[in-house]
Amino acid sequence: MQRAFVSAHTWLLTCRATACHVALENSKLASGSVLPRPVVAISTFYVPCTSRSGQTLKSSDSMESVIELAYEGLYMLRIELVFLVVFGLLWVAGRVFGTAKRTQPGNPKGSGRKAGPASTQRRPGLTQRRPGSGDENLSPNLPISAVDPKKLQNASWVVTQVTQLCRSQVQKALELYRAALRAGLNLEEMLAEESQQLSTGLVTAAIRVGQAEDALGVMKDLRRVGLSTDPALLASATKQLARKGLFADCLAIYDFASQDPKLTIQDKSVWSCLLFCAVETKGYGRCAYFFERLKACGAPSPKDFGNMVRFASSTGNWRLALSLIDEMHKAKVEVDSVVYNTVLAACVSAEQLDQARQLLDDMVEAGGVTDVITYNTLAKGYAKAGCMDTCFELYNLMRSRGLTPSQVTYGILLDGFINDNEVEKAVEIFNTMRAEGCQMNTVLYTTLIKGFARAGQVDQAVKIYEEMQKERSMQPDVITFSILIKANCDVGRLEEALKMLLAMKEAGLKPDEVVFNNLLGGCINDCKIDLAKDLYKEMLASSVKPSVATFSILIRLYAQCKRWDEAVDLLRQELPAQRVVPEPRLYGQLAQCCLRDRQGRRATEVYKMLTDHSTPTAAMNSTLLGMCAKLNMLDTGAEIMHLAANAASRVDPRDAAMMLEAALRKKKPQVMDTLKDAMIKLKLPVHA
DNA sequence: TTAGGGTTAG
């Protein structure tokens with residue numbers, strides 16, 4: 001940045017110096033100090049002149065100064081004037097000769113088309129066209145609707161006009177093109193060169209202004225009249241779209257083009273662009289195919305490998321990620337630290353810590369590719385796995401290898417020790433961090449707040465927050481407030497939590513789903529149903545979409561407050577209304593809550609709702625049947641077995657046998673009959 | 001282009 005600024009400044013000074021020099025040279029010339037001043041005759045005219053003191057000058061004096069000024073101006077611009085005259089003459093000559101050429105006999109178009117080999121190749125069945133109805137350009141102010149239909153039917157005229165308009169008036173170009181089609185312009189009867197020029201011009205111009213749909217529309221028009229997709233057009237369109245970041249449009253245009261059986265894409269860069277677009281749009285299903293086709297056209301570039309590594313990492317395919325590194329080595333393609341780190345992250349996310357460690361060793365051996373991010377990535381993996389000792393060792397190794405830990409490094413260690421309940425270690429890290437001059441930031445402060453909140457020291461957590469507020473550079477963010485709100489809710493300080501909500505809004509932060517979920521969770525203990533409903537309404541009103549977590553919390557709330565009807569309605573109506581995925585465990589959760597409160601009928605009702613959406617797992621049946629047996633709700637257990645059998649769900653034979661035994665023990669013949677029927681249906685052995 | 005902090009679920 002600094003260097004860019006310096007060079008920009010130097011450049012500016014150079015420009016200024018040049019301008020001064022030119023001005024000086026011109027003034028020298030004008031004053032005759034270098035060359036004698038030429039004499040120019042200018043007709044005399046009266047100009048009223050006023051001196052600075054307000055005195056009117058004599059007309060002869062003023063005239064002289066005006067003439068001198070005009071003369072000096074003309075003389076200073078003499079080179080420019082010569083150029084202007086020469087170019088003017090050339091332009092006039094061009095117009096005259098061009099018109100003469102177009103009106104020559106044997107050139108039926110009369111529009112000055114370029115004579116290339118393609119222009120002489122007519123498509124089969126092409127009829128001789130009548131001469132054009134005019135050469136003149138489209139008037140700038142003439143609406144397209146007012147253009148003579150004869151002109152619109154003249155392919156050459158349309159191509160020329162559209163091509164010109166494409167340069168600066170893309171909308172008008174598209175409008176003219178569409179008007180021409182409506183007026184009867186036949187794309188299939190045009191010369192190959194003409195239709196190519198027209199389509200390429202329109203497609204590239206439309207993409208240039210971000211109107212990919214119009215570009216696709218033009219390609220569809222060509223297809224409609226039986227013209228095959230031009231591979232060069234597809235290539236330029238895909239490259240342009242990828243460069244402009246219109247990834248989905250790029251894939252859409254490819255999808256359309258690939259429907260053409262005659263089209264073969266041999267341009268490697270097209271596959272390269274498509275792979276990039278697929279990764280960007282998370283269209284991971286097609287990455288492997290694009291890469292395969294790319295390789296069929298030639299050797300992949302480092303960027304192509306980079307995109308494949310991103311794909312592998314995003315889909316959790318650590319094996320593929322590692323194999324890509326091998327492939328790069330074999331192809332003698334340089335593997336940079338970003339690619340290495342991405343593969344490392346893929347291994348870490350897949351909890352393949354041994355593989356990740358091996359990769360770090362490989363990187364060290366390769367030399368010059370490990371950085372702070374490498375160590376942080378692996379350190380996070382160890383922290384997540386609860387291996388804080390190894391994590392700390394890695395931190396020391398990193399330091400011993402001459403790398404300076406960053407805020408992120410300290411963030412990982414601090415959070416790791418906090419999650420591990422090793423407060424002393426966390427404090428030690430914090431002290432090292434401060435001693436080494438590492439600056440605090442929002443994340444580090446938030447991690448500290450989380451540490452105090454976890455230790456139940458909410459007042460201390462709030463103190464840190466207050467300290468943060470004093471520092472302008474690191475204001476609390478949504479996560480900071482989220483943790484503070486939860487900390488207050490967890491100790492029953494709902495009022496404080498609501499104050500925090502207000503404070504975050506005042507700070508210009510928009511509460512997100514987690515913030516609302518935490519507040520809803522805070523309503524459970526004291527059954528603050530009305531407050532929860534208000535919060536839920538506010539959540540929807542502020543366009544925050546509830547999730548499975550929200551519904552899970554609301555189920556707990558309604559169950560705690562024994563609002564069973566509302567709980568059932570929540571899953572029956574509100575869940576689909578909010579388009580939340582009806583996860584089986586939500587039904588399982590509510591069914592368990594019902595059983596715990598001995599609400600047998602409602603439990604079976606919820607279980608029925610579950611079977612309407614999906615097939616309950618054997619594990620879920622086991623949990624519910626186990627509860628029924630434990631709570632001596634044998635009728636409910638038998639009903640659940642019956643519903644499970646109807647839904648072709650699996651029931652563990654041990655659970656079924658246990659239910660049957662309990663019914664026998666409690667002497668419930670009716671229940672036994674229901675159970676036996678269900679067991680037969682479930683193809684389970686009936687021993688009792 | 002790659003690394004750190006937040007919610008549910010007995």
**Study point:** All pairs passing disulfide (SG to SG under 2.5 Å) where residues 527-570 of chain A contributes a residue, at least two apart
**Key:** A:Cys527-A:Cys561
Review point. Shortest non-hydrogen contact from A:Pro511 to A:Lys505?
Key: CG-CE, 4.1 Å
**Study point:** disulfide bond (SG atoms under 2.5 Å apart) involving A:Cys391 - partner list, sequence neighbours excluded
**Key:** none
Exercise for review: Look at A:Arg563 together with A:Glu566 and state whether they make a salt bridge at an N to O cut-off of under 4.0 Å.
Suggested key: yes
Exercise for review: Apply salt bridge (Lys or Arg N to Asp or Glu O under 4.0 Å) to A:Glu513 and list each qualifying residue two or more places apart in sequence or on a separate chain.
Suggested key: none
Point to revise | Charged N-O contact under 4.0 Å between A:Glu605 and A:Arg572 | key: yes
Point to revise | Aromatic A:Phe392 / basic A:Lys425 pairing, under 6.0 angstrom, 45° off normal | key: yes
Revision key, fill the gap. Under a 4.0 Å heavy-atom criterion, the protein footprint on nucleotides 2-7 of chain B, written with B, S and -, is BBBBBB
Review point. Is there a side-chain contact between A:Tyr465 and A:Phe481 (heavy atoms, below 4.5 Å)?
Key: yes
Check your understanding: When you check the phosphate oxygens OP1 and OP2 of B:dT8, does a side-chain N or O of A:Arg556 lie under 4.0 Å from one of them?
Key -> no
Practice item. Would you mind checking if A:Lys608 and A:Asp612 are paired as a salt bridge, meaning a charged N to carboxylate O distance below 4.0 Å? Key: yes
Check your understanding: Do any of residues 570-591 of chain A sit with a heavy atom less than 4.0 Å from DNA chain B, and if so which?
Key -> A:Arg585, A:Gln589
Check your understanding: Looking at residues 490-509 of chain A, who's got a heavy atom less than 4.0 Å off DNA chain B?
Key -> none
Point to revise | SB check A:Lys499 A:Glu506 (cutoff 4.0 Å) | key: no
